Amino acid sequence: MAAALTTISLPSLQKIASGKVRDLFSLPDPNALLFVASDRLSAFDVVMTNGIPNKGAILTLMSAYWFRVLSERIPSLRTHFISLDIPAGIPAEEASVVKNRSMQVRKLQVLKIEAIVRGYITGSAWKEYQAKGTVHGLAMPQGMRLAQKFPSAIYTPSTKAEAGAHDENIHPDDAWKEIGDKETAKKVEALALTIYKTAAAYAEERGIIIADTKFEFAKDAEGNIYLVDEVLTPDSSRFWRKDGYEVGKEPDSFDKQFVRNWLIKEGLKAKEGVTLPEDICVATGEKYKEAFYLLTGTKFEDAANN
Ligand code: ATP
Ligand code: MG
């Protein structure tokens, strides 16, 4: 198995932030940054000790693909995407580290909200619904079954917790308290729903159901809202195969659900320092590649060689 890259070392650039999966580096242009996806994998907010080979490149190229598709279909959409170009002037060994796994993006102040949209009921929404008949405090139709499609997609934000803490599901009417003002909160909600619906229709034509997904948004000095971060990847979304989808049954997924199921089965949910066995890493990598191929129509290996 090819080695996974869990630590991104770029001595010629200054690292300005490090998330569970990505490292952010400054660029000569003060309004831009290099957004680099490692092969790290987090589940239940904990990062595994080993990674998934090629995962960072798959996520980066898939996000770039979606930024293009979404910008074509939603002409008013602003995104942080600038280019997949490797920054000029960085040493050859650093260029080979960031190739395919990095994008140059507009540096922005990210809004403190996880803009989750759900088209189908599963995960924490299903748990809440079973207990209370609501989803993020929103009343839902009676008698819904696992994996059922909502009458229409719902915006179900959560707080964006600091490192080490867990995001909390909140009622959409409370999102403005995290975001800062009601007008921005309304725009974010409308935008998140539009993007989800556009993407879900696109994916469905390609045999993939986007059960739910998480977006992040940012605002510039003029108050314009941008779609930022990764978009519509298996890390930020639940992708189900349309073929074989059945209400009442936990669908096979293309995403981290596979790792999550393994962690639960092994009693390792949310434990620190877990090393995934090689077969789980290989299988997860294959799932990510398959999702890439189904969505983009291009094999990951071909996309990565361009
Ligand atoms: P967090 O770091 O918030 O816990 P995470 O672990 O998912 O989340 P990563 O995906 O590893 O984070 O790192 C990406 C980080 O970069 C996130 O904190 C995200 O909010 C931030 N980010 C995304 N787009 C931009 C942007 N255009 N400008 C500045 N920061 C951004
Ligand atoms: Mg992230």
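Read the numbers this way: they start at 1 and go in the same order the structure lists the ligands and their atoms. All values reported here derive from a predicted model rather than from experimental measurement. Just so you know, residue 1 is the first one in the sequence shown, and it goes up from there.
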| request: Determine which pairs satisfy salt bridge (charged side-chain N to carboxylate O under 4.0 Å, His left out) with at least one residue from residues 90-104, sequence neighbours left out, and list them in order. | output: D39-R101
| query | Between K187 and E189, is there a side-chain N and carboxylate O pair less than 4.0 Å apart? | reply | no
| Side-chain H-bond candidate by donor/acceptor type, T184 with K219, under 3.5 Å | yes
| query | S63 and T233: side-chain donor and acceptor closer than 3.5 Å? | reply | no
List, for ligand 1, each N/O atom that has a protein N/O partner under 3.5 Å away, with both atom names and the distance.
unit_1: ligand 1; atom_1: 3 (O); unit_2: K160; atom_2: NZ; d: 2.7
unit_1: ligand 1; atom_1: 4 (O); unit_2: K20; atom_2: NZ; d: 3.2
unit_1: ligand 1; atom_1: 6 (O); unit_2: K20; atom_2: N; d: 2.7
unit_1: ligand 1; atom_1: 6 (O); unit_2: K20; atom_2: NZ; d: 3.2
unit_1: ligand 1; atom_1: 10 (O); unit_2: R22; atom_2: NH1; d: 2.9
unit_1: ligand 1; atom_1: 11 (O); unit_2: K20; atom_2: N; d: 3.0
unit_1: ligand 1; atom_1: 11 (O); unit_2: V21; atom_2: N; d: 2.7
unit_1: ligand 1; atom_1: 11 (O); unit_2: R22; atom_2: N; d: 2.6
unit_1: ligand 1; atom_1: 20 (O); unit_2: K160; atom_2: NZ; d: 3.3
unit_1: ligand 1; atom_1: 20 (O); unit_2: E216; atom_2: OE1; d: 2.6
unit_1: ligand 1; atom_1: 24 (N); unit_2: D229; atom_2: N; d: 3.2
unit_1: ligand 1; atom_1: 27 (N); unit_2: H80; atom_2: ND1; d: 2.9
unit_1: ligand 1; atom_1: 27 (N); unit_2: R106; atom_2: O; d: 2.8
unit_1: ligand 1; atom_1: 28 (N); unit_2: L108; atom_2: N; d: 3.2
unit_1: ligand 1; atom_1: 28 (N); unit_2: L108; atom_2: O; d: 3.3

| field | Ion pair E290/R241, N-O distance below 4.0 Å | value | yes
| Can you find a pair of side-chain heavy atoms, one from K107 and one from L24, that are under 4.5 Å apart? | no
